[in-house]
Protein chains: 2
Amino acid sequence: MFPTERRKRITIKDVAQTAGVSTQTVSRVMNKFSYVSDETRQRVEKVVEQLGYHPSTLARSLIQQRSYTLGVVTFGLKYIGPSRTLNGIADKADELGYMLLIKELDNFDTNRIGDVIDSLLARQVDGIIWVAPEIGNNHTWVDERMDRISVPVLFLAMRPRHNIPSIATDNYQGAVMAIQHLLDCGRKKIGHISGPLGWWEANERKRGWCETLNAADFDTSEQHCAEGNWSSSSGEQAFIQLLDSFPDMDAIFVGNDQMALSVLREAHRRGIRVPEELTVVGFDNIPESAFFYPSLTTVSQDLQLLGEQAVQNVVEMIQAGQGNKSIIAQSRFIQPTLIVRESSKIV
Amino acid sequence: MFPTERRKRITIKDVAQTAGVSTQTVSRVMNKFSYVSDETRQRVEKVVEQLGYHPSTLARSLIQQRSYTLGVVTFGLKYIGPSRTLNGIADKADELGYMLLIKELDNFDTNRIGDVIDSLLARQVDGIIWVAPEIGNNHTWVDERMDRISVPVLFLAMRPRHNIPSIATDNYQGAVMAIQHLLDCGRKKIGHISGPLGWWEANERKRGWCETLNAADFDTSEQHCAEGNWSSSSGEQAFIQLLDSFPDMDAIFVGNDQMALSVLREAHRRGIRVPEELTVVGFDNIPESAFFYPSLTTVSQDLQLLGEQAVQNVVEMIQAGQGNKSIIAQSRFIQPTLIVRESSKIV
DNA sequence: TCGGGTAATGTTATCGATAACATGTTATCG
DNA sequence: CGATAACATGTTATCGATAACATTACCCGA
């Protein structure tokens, strides 16, 4: 069998030669810059069309020191959260004319992180968006290494740090809203199933639960909460444990919707009526949560928007850097909203 | 305030100069090629370390006509399916030393498709993976345009076409397994809620339902099926309609788990016992489906694996192209598996 | 009429690396 | 002992584009 015929790339030189002009003129036509006579422009454009010429972004990036590409570092793409964020990033990037170079982390080894960043920089990305969650001290490298990175880096879902730009959902406020809502429902014994407490986000949610209850003069002892790992199955475990350690609980704030799903199921199995005997509030507002039985009241975080703002922000930083202006690095929060559904509707 | 100090890129020249050798020697050290004396090697390596030199992949790509980057075109990233596939792609790409350049489609306008491909080619991707579903005739361009693309392209979840490499879950077989299972359970009136029938995958699943029932001499009239759009809410609609048009239905094969979720809920609301009065089987095996009430029997498709194989395949095609060998373009199927859970367990 | 601006195009240098070729130095061998 | 191979390094061309500068022609106003 013959080798697959791979057509040779058509370069600016081919166009120039065919059109009988210099490459510079072709470049001028392609970039709609400066002076080209109408006649020449048309001739060149015709040749471009005929040959099917497309400029090499690669070569352009090299000379311009600018690639119109953003690096995106993600973790846990198989979960719905990161991919919704990525969706927002992709949309906005497209709108602003950037492409995305994606790297997925499978661990937080510091060497690995260095390598990932280097490989992005080696490809001349104009900026980097960090979409990996802060867990334990897996972000400590940030403080030491950030100034060695030559392009803007924006962190998502990271605890705000001085002088480092970041955007996150206000998990604390979300939790506050959830608890406030439960209090408004007249609930007085509110338990909590948290995500893994190594996660900054899980911690923030728990803090919201804790502080709001304390402010209302309610108790938040360790018997009133349990820790899961975000998965439905861990939620089930945690709920069973909680039923034991906090038997007269009349409401529960669950760290995410997946875990809340098993709470609903287990409650159902045991004949605990939701919301009458147990009022349930989740977090995240995954699309399915509106179709749980009963439908789940939850805190909705707009991850799509998070992604979009991230791109907007990085691009602003890039442009500021180009113009030699400086943007003050800031941490920003996006406010979540409470979606009230059957699991907390007391008639 | 001072402009943010952006450190100038350290190039191979800087290293060469500092180490007192030619750039070529540095290049040799970096690529562990051919002859370099130990002494020189060490000296260069030390300088590389000191200056923190990292070669520009961009420049290398330009001269080598090879970028070690794959283009990935996706659609509907915000849904769990595509992102699990992407996850598999990311993992394998990393393993094989490739980066990913991602473009998300928001429609299937043919011009837009052309632009997306061009923008990937302009960045010298070595191959392309197409992760957008086949809907209606949104893939007709493939037959006409494929030979104009200068790098290997692999399609996922596309109807097999002659001479065009593709990989897909065997949706038809998955459906066959589901129906066979329901028949084994002694069910005789099996309904179906399909995905949007414009989708090739939805069609295949429906075909599996249809042909398997017919083969067993059962009826598959239009009253026995309804069409949803994959969403839970459409599933609810379709189920209600089906209850009406097919009142003595004793089992139902639902096109995906999200729609099955609302079937379970609506059945519950109406006091239809699952699985005794209505046996339910879904498709996809989303993580939550094991925690539905009752837990859902479903057809599991391994999208992660799909992604991994896609990368493996494209890379093989790339290497074959390099070696001027040719690989015969083939369409491949991945077999799904049936996961039996409570919603079909008849005691 | 001549200097200077605008228009139109070409020439050369450059981005950061590697390919291809050239050169010089040792070792090896018949 | 000279030829040949292996080793070690340097020089120049190249990838595909744009930046920076140069050139030419023409027009206009002082």
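Chain identifiers are assigned alphabetically (A, B, ...) following the order of the sequence lines, protein sequences preceding nucleic acid strands; residue numbering begins at 1 within each chain.
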Expressed as a whole number of angstroms, how long is the span from A/Q17:CD to D/dG16:P? 14 Å
Under 4.0 Å from OP1 or OP2 of D/dA17: is there any side-chain N or O of A/Q64 that close? no
Output every pair passing ring pair (Phe, Tyr, Trp, His ring centres under 6.0 Å) with a member in residues 98-124 of chain B, not counting sequence neighbours, ordered by first then second residue. B/Y68-B/Y98, B/F75-B/F108
Using whole Å, report how far CD1 of A/I10 lies from P of D/dC15. 15 Å
Can you give me the bend angle of the helix from C/dT1-D/dA30 to C/dG30-D/dC1? Use the axis through the first five pairs and the one through the last five, nearest 10 degrees. 60°
Starting at CG of B/L62 and ending at P of C/dT18, how long is that distance when rounded to a whole Å? 12 Å
Per atom distances to the A/P55 side chain, the nearest of C/dG16, D/dA17, C/dT18 is D/dA17
Please classify the nucleic acid contact of B/S61 as base, sugar-phosphate, or nothing, using heavy-atom distances under 4.0 Å. nothing
Picking from A/Q304, A/Q312, A/Q309, A/E308, what satisfies side-chain hydrogen bond (donor to acceptor under 3.5 Å, both in side chains) with A/K92? A/Q312
Between B/R60 (CZ) and C/dT18 (P), how many Å, whole number? 5 Å
To the closest 0.5 Å, what do you measure between CG (A/L77) and CG (A/L86)? 6.0 Å
Is any side-chain nitrogen or oxygen of B/Y35 closer than 4.0 Å to OP1 or OP2 of D/dA8? no
On DNA chain D, nearest-nucleotide positions of A/V26 versus B/D38: which is more 5'? B/D38
So CG of A/L303 and NZ of B/K78: to nearest 0.5 Å the spacing works out to 12.5 Å
Can you tell me which residue pairs pass the side-chain hydrogen bond (donor to acceptor under 3.5 Å, both in side chains) test with a partner in residues 128-145 of chain A, sequence neighbours excluded? A/E134-A/R161
Hey, what are the protein-to-nucleotides 10-14 of chain C N/O distances that come in under 3.5 Å?
unit_1 : atom_1 : unit_2 : atom_2 : d
C/dG10 : OP2    : A/S22  : N      : 2.9
C/dG10 : OP2    : A/S22  : OG     : 3.1
C/dG10 : OP2    : A/T25  : OG1    : 2.8
C/dG10 : N7     : A/R28  : NH1    : 3.4
C/dG10 : O6     : A/R28  : NH2    : 2.6

Could you tell me the separation between the OH atom of B/Y68 and the P atom of C/dT18, rounded to a whole number of Å? 12 Å
Are B/Q65 and C/dA19 close enough that a side-chain N or O sits under 4.0 Å from OP1 or OP2? no
Provide, to the nearest angstrom, the distance between the NZ atom belonging to B/K13 and the C1' atom belonging to C/dC15. 8 Å
Please tabulate, one pair per line, each protein N/O and nucleotide N/O from nucleotides 24-28 of chain D that are separated by under 3.5 Å, including the distance.
none

Can you tell me if OH on A/Y53 sees more than 12 non-hydrogen neighbours from other groups inside 6.0 Å? yes
Output yes when a side-chain donor or acceptor of A/S27 lies under 3.5 Å from a complementary backbone atom of A/T23, and no otherwise. no
Using only atom types and a distance under 3.5 Å, with no angle test, would you say the side chain of B/S56 pairs donor to acceptor with the backbone of B/A59? yes
Do side-chain atoms of A/R123 reach the backbone of B/S67 as a donor and acceptor pair under 3.5 angstrom? yes
Calculate the interatomic distance between A/D14 atom CG and D/dA17 atom C1'; express it in whole Å. 13 Å
Quickly work out the A/R43 CZ to C/dA8 C1' distance and round it to whole Å. 12 Å
Report the nucleotide, chosen from C/dA17, D/dT18, D/dA8, that has the shortest atom-to-atom distance to any side-chain atom of B/Y53. C/dA17
Heavy-atom pair with the smallest gap, counting every atom of B/L100 and B/A93: CD2-CB, 3.7 Å
Show me the donor-acceptor pairs, under 3.5 Å and distance only, between side chains in residues 11-21 of chain A and residues at least two apart or in other chains.
unit_1 : atom_1 : unit_2 : atom_2 : d
A/T11  : OG1    : A/K13  : N      : 3.1
A/D14  : OD2    : A/T11  : N      : 2.8
A/T18  : OG1    : A/D14  : O      : 2.7

Within the structure, does a side-chain N or O atom of B/T57 lie under 4.0 Å from either OP1 or OP2 of C/dA17? no
Ignoring hydrogens and angles, tell me if any N or O in the side chain of B/Q124 forms a donor-acceptor pair with the backbone of A/L58 under 3.5 Å. no
Below the 4.0 Å mark, does C/dA17 have OP1 or OP2 next to a side-chain nitrogen or oxygen of B/S27? no
